[in-house]
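Below is one structure, written out as structure tokens; comments come after it.
For ligands, and for the atoms within them, numbers begin at 1 and follow the listed sequence. For the single chain, residues carry numbers from 1 onward in sequence order.
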Amino acid sequence: MKINGSTLTCGLIGNPVEHTLSPVIHNYLAEIENRNLVYVPFQVENNRIKEAVEGAYALNIHGLNITVPYKSAVIPCLAEMDRLAENIGAVNTLVRTQKGYKGFNTDMPGLFRAMETENYTIKGESIILLGAGGAARAVAMLCMEQEAKEIFILNRSVEKAMAVAEEVNGIYKENRIIPMALSDYRKLLDRKYLAIQATSVGLSPNVEDVVISEEAFYDKIETAVDLIYNPYETRFMSMVKAHGGRAMNGLKMLLYQGIIAYELWNDVKISEKTAKEILIRMKEELKIHE
Ligand code: NAP
């Protein structure tokens with residue numbers, strides 16, 4: 001790649017950022033598209049997010065991704081917010097405007113696009129959502145936006161599930177989200193559900209862990225998504241498959257959140273063919289051989 005006076009700079013703000021796959025996504029996209037753009041990770045220490053965003057704007061940084069721990073903390077530093085990001089209360093993409101940066105959330109549209117490529121449907125489905133942290137809250141919002149029939153949100157700390165349900169139901173003025181404790185899965189009607197695993201249980205190196213270990217739970221699941229992609233197949237996914245269900249991991253969600261951010265920064269549409277090529281690069285980077 002050739003860097004010159006016209007090279008656009010994009011990047012990632014977070015802490016830590018050492019293991020991010022985002023440079024693989026964006027630098028490869030720029031290469032394929034023959035675009036004069038470079039993407040670099042920026043580690044921002046000790047809540048210096050305001051200085052970082054102001055500095056980035058002053059330096060003419062074209063676009064930014066925001067990751068842990070700044071997805072909510074960045075909001076007061078923005079000139080404008082997209083409606084979905086505002087509802088979710090978390091921003092992972094900044095787009096440069098005349099007034100400052102505008103905040104978007106491409107994680108949820110990314111998950112939706114990833115699910116579409118695997119022919120998963122949300123509309124009209126009964127969904128079991130495991131977890132009530134930042135990711136689960138956003139998934140609950142996506143399920144409401146995409147008109148799921150009902151969303152059972154099961155969490156270890158039931159009060160957190162209740163808080164998410166109350167807040168998200170409140171935003172949509174409906175009561176399609178039903179909070180429960182993890183063990184309450186037994187109370188769910190005997191039918192097949194789409195399950196979305198949005199806890200951090202099973203994340204490497206704790207690969208033997210699973211949020212619900214009882215076999216009976218997996219008889220209820222027809223299709224499943226685990227937001228985790230490291231390991232490539234979590235124990236949750238293997239249990240779903242062992243009970244005849246279909247399961248995908250969170251790597252494509254990561255891919256599409258990046259693609260959507262790139263599309264916003266550069267006003268382009270990335271083809272599925274290119275998406276597949278980037279996925280191969282991401283797997284190479286993670287040393288995944290299927
Ligand atoms: P978070 O806010 O820290 O929430 C963690 C969730 O996991 C909470 O619901 C927590 O339950 C639950 N949990 C943790 N340890 C548990 C245990 N031992 N038993 C039962 N439940 C447990 O994290 P987050 O930001 O929502 O992220 C959740 C996962 O999504 C992470 O693994 C992350 O890697 C993944 N993610 C993936 C992508 C992607 O692009 N693929 C994007 C975002 C996030 P309590 O409330 O009871 O503590």
Inset, instruction - Indicate the ring-plane relationship of Tyr185 and Phe217, choosing parallel, tilted or perpendicular according to the 30° and 60° boundaries. - result: perpendicular

Inset, instruction - Do me a favour and list the nearest non-hydrogen protein atom to atom 1 (P) of ligand 1 with residue, atom name and distance? - result: Gly133 CA, 4.1 Å

Inset, instruction - Would you indicate whether the side-chain heavy atoms of Asn266 and His62 approach each other to under 4.5 Å? - result: yes

Legend entry - atom 11 (O) of ligand 1: the protein heavy-atom neighbour that sits closest, reported with distance to 0.1 Å: Asn155 OD1, 3.3 Å

Legend entry - Nearest neighbour in protein (non-hydrogen) for atom 18 (N) of ligand 1: Arg156 NH1, 3.2 Å

Legend entry - Short N or O distance, Ala132 and ligand 1, threshold 3.5 Å exclusive: yes

Inset, instruction - Look at the rings of His243 and Tyr218 and say which category their plane angle falls in: under 30° parallel, 30 to 60° tilted, over 60° perpendicular. - result: tilted

Legend entry - atom 38 (C) of ligand 1: nearest protein contact (heavy atom, Å): Met253 CE, 3.9 Å

Legend entry - Top protein contact for atom 28 (C) of ligand 1, by heavy-atom distance: Ala198 O, 3.4 Å

Would you tabulate the side-chain donor-acceptor contacts of residues 176-183 under 3.5 Å, counting partners in other chains and residues two or more places apart, or write 'none'?
from	atom 1	to	atom 2	distance (Å)
Arg176	NE	Glu174	OE1	2.5
Arg176	NH1	Ala148	O	2.7
Arg176	NH2	Glu174	OE1	3.0
Arg176	NH2	Glu174	OE2	3.2

Inset, instruction - Using the six-membered ring of Tyr256, assess whether NZ or CZ of Arg113 lies under 6.0 Å from its centre and within 45 degrees of the ring axis. - result: no

Inset, instruction - Pull out every atom of ligand 1 sitting under 4.0 Å from any heavy atom of Gly131, numbered as shown with elements. - result: 9 (O)

Inset, instruction - Distance to 0.1 Å, residue and atom name: give those for the protein heavy atom nearest to atom 35 (C) of ligand 1. - result: Leu227 CB, 4.0 Å

Inset, instruction - Give the atoms of ligand 1, by number and element, whose distance to some non-hydrogen atom of Gly134 is under 4.0 Å. - result: 2 (O), 26 (O)

Inset, instruction - Give a yes or no on this: more than 12 heavy atoms of other residues, nucleotides or ligands lie within 6.0 Å of atom CG of Asn4. - result: yes

Inset, instruction - Check each of Gly250, Ser200, Ala138 against atom 14 (C) of ligand 1 and report the one with the nearest heavy atom. - result: Ser200

Inset, instruction - Please could you name the atoms of ligand 1 that Lys160 approaches to less than 4.0 Å, counting only its heavy atoms? - result: 45 (P), 46 (O), 48 (O)

Inset, instruction - Taking only Lys NZ, Arg NE, NH1 and NH2, and the carboxylate oxygens of Asp or Glu, determine whether Lys273 and Glu277 approach each other closer than 4.0 Å. - result: yes

Legend entry - Closest approach of any protein heavy atom to atom 25 (O) of ligand 1, naming residue and atom: Ala135 N, 3.9 Å

Inset, instruction - Could you tell me the residue and atom name of the protein heavy atom closest to atom 45 (P) of ligand 1, and the distance to it rounded to 0.1 Å? - result: Ser157 OG, 3.4 Å

Inset, instruction - Mind checking whether Thr199 contacts ligand 1 via backbone (N, CA, C, O), side chain (CB onward), both or neither, at a 4.0 Å heavy-atom cut-off? - result: both

Inset, instruction - For the residue pair Thr234 and Asp226, confirm or rule out a side-chain donor-acceptor distance under 3.5 Å. - result: yes

